[in-house]
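Note that the coordinates shown come from a computational prediction; the quantities given were computed from them, not determined experimentally. Atoms within a ligand are numbered from 1 in the order they appear, just like the ligands themselves.
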Amino acid sequence: FQTAPIYADAKPLAGVKGTFSERTFIAVKPDGVHRGLVGKVIQRFEERGYKLVGLKQVVPSRDMTEEHYADLKKKPFFKGLVDYMSQGPVVAMVWEGKDVIRQGRAMIGATNPLESAPGTIRGQYCISVGRNIIHGSDSFESAEKEIGLWFGKAGELVDWTQSGAEWVQS
Ligand code: ADP
């Protein structure tokens, strides 16, 4: 994992001197949506102290899904992965806060549920790598690419100051 200090769009958190936030792309995949796990995922990020700055439900096109998973194009499971994701719906989110990219990955757990620690999202809710319910950016570069791909630059993200942020982040 690359540990650059701040996400490209980072800014000082309102009211909290000297700290920076970063953003990550999180998506509940079609199996997570069908199984009614959207609320559980949102609840975990909210309770951890992260701030939701983007949220929408979409059925991604095959092109979009292939672009999202472009680095896996040569994998034998690529076509199945695109079939799975592009049937939708996907609930796409952007979460903001201290270390949210790395923490998001830790909260999600390992790609293969056999290795996802109990208590992580995958470790609690799934058993199969091909149906692992959630995606989270794994680096600053992928967060930047994925937020741009799923939310574009059309002002779909909301900059807002969370009441009580100083009790979460110092
Ligand atoms: P992650 O989603 O944890 O970042 P990867 O980027 O390696 O993991 O893989 C992307 C997605 O591809 C996984 O979340 C999973 O849905 C799917 N996938 C990965 N490996 C396999 C596999 N061996 N068989 C089927 N699907 C897989």
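- Aromatic pair Tyr50/Trp95: ring centres not closer than 6.0 Å.
- For atom 22 (C) of ligand 1, the nearest non-hydrogen atom from the set Phe77, Tyr84, Tyr69, Phe78 belongs to Phe77.
- By the criterion of a heavy-atom distance under 4.0 Å, neither the backbone nor the side chain of Ile108 is placed next to ligand 1.
- A donor-acceptor pair is defined here as one N or O able to donate and one able to accept, closer than 3.5 Å; such a pair exists between the side chain of Arg105 and the backbone of Gly136.
- Because its NZ or CZ atom is both nearer than 6.0 Å to the ring centre of Trp160 and within 45° of the ring axis, Lys51 counts as a cation-pi partner of that residue.
- Closest to atom 9 (O) of ligand 1, if we only count protein heavy atoms, is Leu72 CD1, 3.5 Å.
- Atoms of ligand 1 found under 4.0 Å from any heavy atom of Lys29 (numbered from 1 in listed order, with element): 13 (C), 14 (O), 15 (C), 16 (O).
- Val90 and Phe77 fall within a single hydrophobic cluster, where Ile, Leu, Val, Met, Phe, Trp and Tyr are joined by side-chain heavy atoms under 4.5 Å apart, directly or via other members.
- Of the heavy atoms in Thr111, both backbone and side-chain atoms come closer than 4.0 Å to ligand 1.
- Judged by a 6.0 Å distance limit and a 45° cone about the ring axis, Arg131 is positioned over the six-membered ring of Tyr84.
- For atom 12 (O) of ligand 1, the closest non-hydrogen atom of the protein is Leu81 CD2, 3.4 Å.
- Checked by atom type and distance alone, the side chain of Ser116 never pairs as donor or acceptor with a backbone atom of Gly109 at under 3.5 Å.
- Within the structure, the closest approach of Arg122 to ligand 1 falls below 4.0 Å when heavy atoms are considered.
- Heavy atoms of Val129 found under 4.0 angstrom from ligand 1 belong to the backbone as well as the side chain.
- A donor-acceptor pair under 3.5 Å is absent between the side-chain atoms of Asn112 and the main chain of Val129, judged by distance alone.
- The ligand atoms of ligand 1 that sit less than 4.0 angstrom from a heavy atom of Arg105 are 1 (P), 3 (O), 4 (O).
- Ligand 1 has an N or O atom lying under 3.5 Å from an N or O atom of Asn132, backbone or side chain.
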